[in-house]
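Structure first, commentary second.
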Amino acid sequence: MTVLDRSGAQQSSPHPAPPPAWRPAGDAASLLPQDTPYRVLGSEPLPVPPALLGDGPRPDDAELLALHGHLAKGRRYNEQATALTKQGSLAVYPSSTGQEACQIAAALALAEDDWLFPSYRDSLAAVARGVDPVEVLSLLRGDWHSGYDSRATRVAPLSTPLATQLPHAVGLAHAARLAGDELAVLALVGDGGTSEGDFHEALNFAAVWQAPVVFLVQNNGFAISVPLAKQTAAPSLAHKGVGYGLPGVLVDGNDAAAVRQVLSTALGRARSGGGPVLVEALTYRLEAHTNADDATRYRADDEVAAWRAHDPIALVERELTARGLLTEAHAAQVGAAAEELASDLRGRMRTEPSLDPADLFAHVYARPTQQLRQQQAQLQEELAAAAEGGPR
Amino acid sequence: MTVLDRSGAQQSSPHPAPPPAWRPAGDAASLLPQDTPYRVLGSEPLPVPPALLGDGPRPDDAELLALHGHLAKGRRYNEQATALTKQGSLAVYPSSTGQEACQIAAALALAEDDWLFPSYRDSLAAVARGVDPVEVLSLLRGDWHSGYDSRATRVAPLSTPLATQLPHAVGLAHAARLAGDELAVLALVGDGGTSEGDFHEALNFAAVWQAPVVFLVQNNGFAISVPLAKQTAAPSLAHKGVGYGLPGVLVDGNDAAAVRQVLSTALGRARSGGGPVLVEALTYRLEAHTNADDATRYRADDEVAAWRAHDPIALVERELTARGLLTEAHAAQVGAAAEELASDLRGRMRTEPSLDPADLFAHVYARPTQQLRQQQAQLQEELAAAAEGGPR
Amino acid sequence: MTATLPQQTAPPTPLGRALNRALRDALAEDPAVHVLGEDVGTLGGVFRITDGLAAEFGDERCTDTPLAEAGILGAAIGMAMYGLRPVIEMQFDAFAYPSFEQLASHAAKMRNRTRGALPMPLTVRIPYGGGIGGVEHHSDSSEAYYTATPGLHVVTPSTVADAYGLLRAAIASDDPVVFLEPKRLYWSKEPWDAESPHPVPELGRAVVRRPGTSATLIGYGPSVPVCLQAAEAAREEGWDLEVVDLRSLVPLDEETVVASVRRTGRAVVVHEAQGFGGPGGELAARLSERCFHHLEAPVLRVTGFDIPYPPPMLEQHHLPGVDRVLDAVARLQWESEWTSKEAR
Amino acid sequence: MTATLPQQTAPPTPLGRALNRALRDALAEDPAVHVLGEDVGTLGGVFRITDGLAAEFGDERCTDTPLAEAGILGAAIGMAMYGLRPVIEMQFDAFAYPSFEQLASHAAKMRNRTRGALPMPLTVRIPYGGGIGGVEHHSDSSEAYYTATPGLHVVTPSTVADAYGLLRAAIASDDPVVFLEPKRLYWSKEPWDAESPHPVPELGRAVVRRPGTSATLIGYGPSVPVCLQAAEAAREEGWDLEVVDLRSLVPLDEETVVASVRRTGRAVVVHEAQGFGGPGGELAARLSERCFHHLEAPVLRVTGFDIPYPPPMLEQHHLPGVDRVLDAVARLQWESEWTSKEAR
Ligand SMILES: Cc1ncc(C[n+]2csc(CCOP(=O)(O)OP(=O)(O)O)c2C)c(N)n1
Ligand SMILES: Cc1ncc(C[n+]2csc(CCOP(=O)(O)OP(=O)(O)O)c2C)c(N)n1
Ligand SMILES: [Mg+2]
Ligand SMILES: [Mg+2]
């Protein structure tokens, strides 16, 4: 016919074939999260485990006791850090009280060579991983931006610009895979952070490259004052996985054993070439956004109370009690260890850090430019003049 | 116990309640796309319509004949524009040959007050909507960035930075909803564009705000040379919808009647407060990315041939033939209308546009700054001197 | 005007409060005005600049958005296309960067691209600068990015009255305005009565904050108080310094600055942003050209160092303070340094 | 060095080809080098700068990424954290903007934030500037954004040999380099032999392209040929102009420029970017300060207008050309304009 003749299209059969299947294959159903967050603590019938997990064993006694100790230390760390803001030795502290299960599980699920990409709220995860708490708090204390050695600790700097650390995590995981190194990367982000473009781009790159990276969204229901309902209309944040072709898993973020199990499985899968996973942990920030925030402006006390009843430490203690493990001796030992961490931190934060203003110029480039050398000289002169007494 | 006592958490029942349900409700299953792209043309058993559509009627004869005419004109427009690049009257042309079904259906599905947000490849959609083709081609001709009046035509400027038009579409739709105006917005984007952060942020805002906007992804399998498999690992791009809480619909993008029906339904739904929809149309760009591109560098001839067999015009003509509607008279009339469009375009593109260099300064701000007035005066002097003969 | 209280007897009002009042008055007067951003609703913003607005005008006029700056600005552009007048809040300077493409490629260019069919009457409020002990990414002076983008206005107040007046003018502007709020002045107070009518100045006019004859100090935003203090201190040394507050970097009020420098013959530009590629270079270049035969000494700049903004405990070394300004003034070749020419 | 052909007899080679060769040699010599970007693989890039690299080194060394610039740069940052040396291609100037936050808040600051523990040896290649009839968003001169960001190097070649040498130096740098490729010079040819060894210059050194005595023209990238043509044309008018090619905006080789201007006493800075807030202001300010007593006339600037880049049919009016440079030279107060001082 006129049109087709001109366009050079071929006349074809009356039963047209569907368009060639150039779309990437994939089983959508297996990528969707479960209906109910995965939990292992508590004695009522537990939710079906996510497909990814298979039949994971319930945590044994030793693991539960260890988790309990870590959680207690974690809570104490949060309390101590917040107290330090009141005494003025910390500029600001975004507490993870209420979210310790995620923080601890994240740290424990990592293997030696794995990397952690924390966000600004995740200093506890870095501490639980073994990074010196004083170094971790550099950023919030204000003596330097990142106080620990990221290469040595395999903990990336705490990321303040939200979600920007996620593409870094993917790039590092990709580089490790190219090098044939068997490691996985765990990247943390908040519910608010999932709205950023960088979240999207990172998950997409991870899936296309099959990078060994696990994304853990700590959905604590708020981005500062903004509740989840103003952040997303999705059935769950874990439902975002399928749009990238990676599995989404939903877990009770206050159930440390469950989070630990999900992350260990996902990281193990990633390490052995199984590709990225998106984990959404449902949790709650029991304190204000930071010590400077007033949470009563945007949320009701009874909501907070409801979540206190679901406290991650309470969940473990309940299980320990049921198993008859919560002995006086254990409690005393856990308390002492937590107290030791706190007092060490308190003591070492008391001494003022020694700062060298020359550092301002030392790390801008591998070699300072001529202009920076001049500026450094100017500052040195000023400081020398000031030291000699009197301004100017 | 020690820890809990200190943290002030309450002792609670041994059967802990799950965390309070602050997550937005939503039925995930209903948001997922169908397994097979929706089609209405062709006589084999047709795929199940997407939930959104209900039992849409098959297109009647008049509609099919009209679609055929539009498609033919569209194809002719693309050919003519490409020819103009060879003659040098157009700087560059990104052809939508092969994608006319999406372009035409998009234009026809819009109501008078609706807005269209096209990407750089969608000039045909603007033309089919009734915008003067010469004005539409301003951008590609180089006489101005956007040649038509966006307010009068309710067609936003063709967007070159990919996906950046999507948040604009959401904002405009939101503003219209706030004003109580019953209109919907159709925003177009390519498969490549879905990888940009702006795509993510736009869909999220649309869903949270329940803005009356429909996103149409023309998935033509390539972003310039990059095939879909390097762009995404998702089962389909329509699967991204559920991650925002909006329905994803998959449609055969070469079936003009199907795309038209899906878009009309989705726009109608949006207009009456039903919220946003993500439509993925599977199609193919039969020509190179632009006239300047060499598609043989990245795709095989047989892939192109397979898609030529699924040409959108062929699909309609096959149906017309089956219904006995493809008469000589109809064909002649369609051909003549297409030819008229082409020759009008050719003729009017032959005359050089008249340009005023003062325009460079006129539209930077509502009122030019002092600096711009000086710069304009400088240019005027230069031009006057040049007009008086001889450089300088 | 009988109702106008003399400003002297007005209550001490922090700058942030005047901004809040400007938003409130703009929302009340023009239904096209909409405020959008992260935490601007219930919380009233992390600096409380939008305090009470959602309660008074409703969620749809003062909207908590999802956490996505490109989305916020992009949506605001769409709203402006439909005739609204959005005012968006970026939470901190560095958190505006994700929206950079929307700002540079769309907000700044939409009027131009469409030959005026789609003006962009939107205001992007950005708290900027250091001095509040903020951790990294919370203290950037990002103005150079915006002044290098034709199509944007770049405005920044240094007084309580200007905070009100310039923000009203920005919102009333038919062009996109990047409104930079010096965050360390949020709490600085001046006698100012929120309840009396206040003048809305024209955008693009500098103002002489302190007349003087020896040399001109040029500042904007957080540097204006520094300049004023320096001028005060300089009296002891026998210098009578003029202080010009630019108020608007784009459009730049060249005439006011040029007139001042031609009069005094000497100038120092002061800003917190890095020196290299900062707005001071543009000013010094223009002044050097236009005041060439009037200058007794080169135009000097006192700025932040060319480094990423330092951590809180070191920021006092980075910020241009009174001493550094006075040092620069001292270097303005007061005696016959002409002879030492070859030594430079 | 016997194998080195004298460059005079070398075949005419386009600048783009030398860039391609630099990438190839870098990939061959250092397994840490990885090329990433949109269409850089099979297609070889829209300007064919990566032509053949994926075929020679495989998809994992030269990778077609998804279409997401922040993702590309963000992933490259992560790769650099693991010790790789990524070289990424942004397809056009304006399409780098989506990655602005990754560039300004991370690439530029990572070394600083981590006290050197995480250096960022990455190169961001950006084709920039106009003059090729590109539609909007394809012709931006975006260098001011990068020069205002401490932590970045900003480098741009103007010759075929520099295209090779500076790109090799950028890739070898342990700091992030924004490598701006003047797209209208991609096809400009010079005798250059791809097969012989080529020197890799140090970053941050300007070069005098043409010695002269009357005045100094300072340019970079696409403006260098304009300056050279202007210098040629100026001979007729009796001016012997020196031309300095900056090659690197950061670090800036102040000494070379200052020495030249102190010698000639007059200077014109030429660039395509908008004048206001462009790099010319920084240069003019520095020169005015450091050459104060040597200048016979103010440092002038010849730049693009302060407007969004115009549509192709009008771009010739916007681009600083030879005539405009000569006009500026003519305004350098050659006779005793001192007397007309008050008339200004
Ligand atoms: C790009 C960016 N925008 C804004 C901010 C300011 N900000 C800091 S924390 C925060 C809320 C984060 O919410 P979420 O991601 O849920 O993490 P949470 O605080 O709950 O751990 C905001 C808006 C930021 N840090 N980065
Ligand atoms: C932000 C941005 N990055 C890169 C480009 C350059 N570019 C133009 S078209 C194109 C491919 C677009 O692919 P797709 O979205 O699938 O649309 P299609 O060309 O297939 O219609 C690219 C990379 C751009 N225009 N904008
Ligand atoms: Mg949160
Ligand atoms: Mg495509």
Side-chain angles (χ1 to χ4, degrees), chain B residues 115 117 138-139 144-153 156-161 163-179 181 183 185 187 196-198 200-209 211 213 359-360 362-372 374, chain C residues 31-32 34 36 60-61 63-84 86 98-99 101-102 104-122 150-153 173-176 203-204 248 250-255 286:
Chain B
W115 275 69
F117 280 74
S138 263
L139 172 72
W144 200 261
H145 306 299
S146 186
Y148 49 89
D149 183 334
S150 283
R151 256 193 221 282
T153 58
L158 298 167
S159 179
T160 300
T164 55
Q165 73 279 16
L166 305 181
H168 306 169
V170 174
L172 187 138
H174 179 60
R177 196 180 65 81
L178 294 183
D181 297 343
L183 60 80
V185 174
E196 290 281 3
D198 276 12
H200 175 72
E201 301 188 12
L203 266 73
N204 190 40
F205 273 67
V208 169
W209 285 351
V213 56
D359 268 7
L360 292 176
H363 306 297
V364 182
Y365 299 102
R367 258 183 326 139
T369 61
Q370 180 214 345
Q371 288 80 9
L372 285 175
Q374 282 167 0
Chain C
H34 283 247
L36 302 156
E60 297 193 335
R61 298 289 304 285
T63 308
D64 278 332
T65 63
L67 210 168
E69 292 78 9
I72 298 171
L73 179 50
I77 289 171
M79 292 167 76
M81 289 171 80
Y82 204 70
L84 297 184
S99 66
E101 181 187 31
Q102 286 291 346
S105 291
H106 291 292
K109 293 183 176 165
M110 193 67 87
R111 170 188 290 279
N112 185 260
R113 295 169 71 200
T114 62
R115 274 203 179 92
L118 295 178
M120 284 286 114
L122 60 85
L152 301 178
H153 289 314
S173 166
D174 285 333
D175 289 311
L203 288 185
S248 158
V250 182
L252 180 70
D253 183 356
E254 274 185 63
E255 298 320 311
R286 255 163 225 266

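Sequence lines set the chain letters: A, B, ... in the order given, protein chains first and strands last, and positions in each chain run from 1.
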**Prompt:** Between C:E254 and chain B, which part of the residue has a heavy atom less than 4.5 Å away: side chain, backbone, both or neither?
**Reply:** both
**Message:** Which atoms of C:A76 are under 4.5 Å from chain B, going by heavy atoms: the side chain, the backbone, both sets, or neither?
**Reply:** neither
**Request:** Examine whether an atom of B:L360 lies under 4.5 Å from a heavy atom of chain C, and if so say whether it belongs to the side chain, the backbone or both; otherwise answer neither.
**Result:** backbone
**Fill in**
Output for pair (B:H363 NE2, C:L118 CG), nearest 0.5 Å, gives 12.5 Å
**Request:** Check whether C:D175 gets within reach of chain B through its side chain, its backbone, both or neither, counting any heavy atom under 4.5 Å.
**Result:** side chain
**Message:** Counting heavy-atom pairs under 4.5 Å with chain B, which one of C:H34, C:Q102, C:E60 comes out on top?
**Reply:** C:Q102
**chain C contact via B:A202 - which portion, at a heavy-atom distance below 4.5 Å** = neither
**Close side-chain approach of B:L172 to C:M79, heavy-atom, < 4.5 Å** = no
**Prompt:** Hey, what's the ring geometry for C:H106 with B:H168, parallel, tilted or perpendicular (30° and 60° as the breaks)?
**Reply:** perpendicular
**Prompt:** Which atoms of C:T63 come close to chain B, meaning under 4.5 Å heavy atom to heavy atom: side chain ones, backbone ones, both, or neither?
**Reply:** side chain
**Asked** Is the shortest heavy-atom distance from the side chain of B:R151 to the side chain of C:Y82 under 4.5 Å?
**Response** no
**Prompt:** Taking C:R115 for the side chain and B:S146 for the main chain, is one N or O donor matched with an acceptor at less than 3.5 Å?
**Reply:** no
**Flag side-chain contact, heavy atom, 4.5 Å: C:T114 against B:P157** = yes
**Message:** Need one label for C:M110: side chain, backbone, both or neither, based on atoms under 4.5 Å from any heavy atom in chain B.
**Reply:** side chain
**Request:** Return the option, out of B:T369, B:L178, B:D149, with the maximum number of heavy-atom pairs under 4.5 Å with chain C.
**Result:** B:L178
**Asked** Considering only heavy atoms, which portion of B:V170 lies under 4.5 Å from any heavy atom of chain C: side chain, backbone, both, or neither?
**Response** neither
**Request:** Report yes if some heavy atom in the side chain of C:P251 is under 4.5 Å from a heavy atom in the side chain of B:Q370; otherwise report no.
**Result:** no
**Request:** Heavy atoms only, distances under 4.5 angstrom: which of C:D174, C:D253, C:L252 has the most pairs with chain B? Name it, please.
**Result:** C:L252
**Prompt:** Which bit of C:L152 comes within less than 4.5 Å of chain B, counting heavy atoms only: side chain, backbone, both or neither?
**Reply:** backbone
**Asked** Tell me, side chain or backbone of B:L183 under 4.5 Å from chain C's heavy atoms, or both, or neither?
**Response** side chain
**Prompt:** Given a strict heavy-atom distance threshold of 4.5 Å, which part of B:F117 is in contact with chain C: side chain, backbone, both, or neither?
**Reply:** side chain
**Prompt:** Looking at side-chain heavy atoms only, is the closest gap between B:Q371 and C:R286 below 4.5 Å?
**Reply:** yes
**Request:** For residues B:Y365 and C:H153, establish whether the separation of their ring centroids is below 6.0 Å.
**Result:** yes
**Fill in**
When the 4.5 angstrom heavy-atom criterion is applied to B:A176 and chain C, the contacting part is both
